[in-house]
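Everything below concerns the one structure shown next.
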Amino acid sequence: GAQRGGGGEEKEKGKRNIAWKAEDPNGDKLEFAVNFRGADESAWVTLKEKTEEEKLSWDTAAVPDGHYRVKVVASDAPSNSAKRAMTGERVSKPVLVDNTPPAMKALALAEKGKGAGVKTTATDAASIIASAAYSVDSGDWKPVEPVDGLLDQKSEEFDFEVSGLAAG
């Protein structure tokens with residue numbers, strides 16, 4: 001997909017960074033469990049248990065596109081007996097996982113001297129198209145604007161010219 005939001009910045013395809021901050025009022029050492037579930041699901045799936053770090057990289061490539069919630073459970077068990085240990089938890093707002101790229105449809109090319117006119121439509125099932133660019137023969141990527149001048153829809157039409165092309 002084209003737009004990401006929620007649980008952190010995307011560093012590479014399918015990776016979501018999750019970070020949190022927790023404190024214990026009496027300074028006990030904390031450990032965390034991180035879970036997730038689909039927006040329409042009731043069962044939590046464990047991502048990580050008994051970690052002391054306050055961050056986690058979630059590989060979302062293994063889950064279907066859709067909205068998910070992430071739950072972090074903090075426990076002071078490392079500093080207390082099983083009877084005295086306490087927990088607290090926080091659940092995120094829904095986070096969109098969209099690893100499926102937009103589809104290009106209705107690609108039309110028209111020769112224009114040493115260039116070409118390009119018309120196409122990009123459509124994404126889950127996200128607003130956030131950017132578009134083209135590359136010729138593995139060269140630098142060049143951004144293009146949609147016909148309506150605003151990237152704000154799940155489907156956008158593009159009509160642009162590519163210049164400086166060699167024959168063929």
Side-chain angles (χ1 to χ4, degrees), residues 1-107 120-135 141 143-158:
Q3 181 176 330
R4 308 279 186 234
E9 292 180 27
E10 181 189 33
K11 298 256 186 226
E12 58 185 271
K13 184 172 174 56
K15 298 285 185 182
R16 297 296 295 259
N17 292 325
I18 303 166
W20 59 92
K21 189 82 175 149
E23 296 177 1
D24 185 85
N26 43 327
D28 289 343
K29 188 175 183 179
L30 297 175
E31 67 182 15
F32 306 97
V34 184
N35 309 280
F36 74 92
R37 73 175 183 201
D40 299 330
E41 298 172 356
S42 59
W44 291 97
V45 177
T46 301
L47 279 173
K48 185 85 172 180
E49 289 185 301
K50 296 186 178 183
T51 181
E52 294 178 12
E53 295 206 34
E54 293 182 334
K55 63 183 178 178
L56 177 72
S57 180
W58 177 22
D59 183 0
T60 63
V63 298
D65 289 355
H67 285 89
Y68 292 84
R69 291 186 184 266
V70 176
K71 176 172 71 170
V72 176
V73 179
S75 171
D76 63 1
S79 297
N80 292 283
S81 67
K83 286 185 178 182
R84 293 184 48 97
M86 298 181 75
T87 63
E89 65 183 52
R90 180 69 55 103
V91 177
S92 74
K93 294 178 181 177
V95 175
L96 176 63
V97 171
D98 180 10
N99 293 322
T100 304
M104 302 299 287
K105 297 179 182 175
L107 181 64
T120 190
T121 301
T123 302
D124 192 279
S127 299
I128 291 171
I129 305 294
S131 65
Y134 72 92
S135 172
W141 287 94
V144 293
E145 297 295 322
V147 170
D148 67 4
L150 190 59
L151 290 164
D152 63 348
Q153 301 293 319
K154 291 180 182 177
S155 184
E156 295 284 358
E157 291 182 41
F158 297 92

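What you see is a predicted model, and the numbers here were worked out from it, not measured in a lab.
Taking NZ from K105 and CG from L107, the interatomic distance works out to 13.5 Å, rounded to the nearest 0.5 Å. From S57, atom OG reaches atom CD1 of I18 across 8.0 Å, with rounding to the nearest 0.5 Å. Taking OG from S127 and CD from Q153, the interatomic distance works out to 13.0 Å, rounded to the nearest 0.5 Å. A distance of 9.0 Å separates CD of E145 from CG of L150, quoted to the nearest 0.5 Å. Here the CG atom belonging to L30 is positioned 7.5 Å from the OG atom belonging to S79, to the nearest 0.5 angstrom.
P101 and D124 get closest at one heavy-atom pair: C-OD2, 3.8 Å. What you find for Y68 and P64 is that their closest heavy atoms are OH-O, 2.7 Å. Annotation for F158 and A122: closest pair CE1-CB, 3.9 Å, computed over non-hydrogen atoms. Taking each heavy atom of A85 and A77 in turn, the nearest pair found is CB-CA, 3.8 Å.
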Name the atoms and distances for all side-chain donor-acceptor pairs under 3.5 Å in residues 39-50, with sequence neighbours left out.
unit_1: E41; atom_1: OE1; unit_2: G38; atom_2: N; d: 3.1
unit_1: T46; atom_1: OG1; unit_2: N35; atom_2: OD1; d: 3.3

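The side chain to side chain contact (heavy atoms under 4.5 Å, CB included) search around T121 returns T123, S155, E157, not counting sequence neighbours. For T60, the side chain to side chain donor-acceptor pair (under 3.5 Å) partners at least two apart in sequence or on another chain are N99. Under the ring pair (Phe, Tyr, Trp, His ring centres under 6.0 Å) criterion, F32 pairs with W20, not counting sequence neighbours.
Ring geometry for F36 against W58 counts as tilted: the plane angle lies between 30° and 60°, on a 0 to 90° scale.
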Task: side chain to side chain contact (heavy atoms under 4.5 Å, CB included) between V63 and V97, intermediate numbers included - done: CA-CA 8 Å; V63 298; V97 171; 4.1 Å; yes
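Sorted by first then second residue, the salt bridge (charged side-chain N to carboxylate O under 4.0 Å, His left out) pairs that include residues 68-90, not counting sequence neighbours, number zero. Pairs engaging residues 22-35 under the salt bridge (charged side-chain N to carboxylate O under 4.0 Å, His left out) rule: K29-E52 [sequence neighbours left out].
The shortest distance between side-chain heavy atoms of V144 and Y134 falls below 4.5 Å. In this structure, I128 and L151 have side chains that are not in contact, with every pair of non-hydrogen atoms separated by 4.5 Å or more.
Here the side chain of E156 pairs no donor or acceptor atom with the backbone of I129 at under 3.5 angstrom. Between the side chain of S75 and the backbone N or O of T87, no donor-acceptor pair lies under 3.5 Å.
The neighbour count for M104 CE, taken as heavy atoms of other residues, nucleotides or ligands under 6.0 Å away, is above 12.
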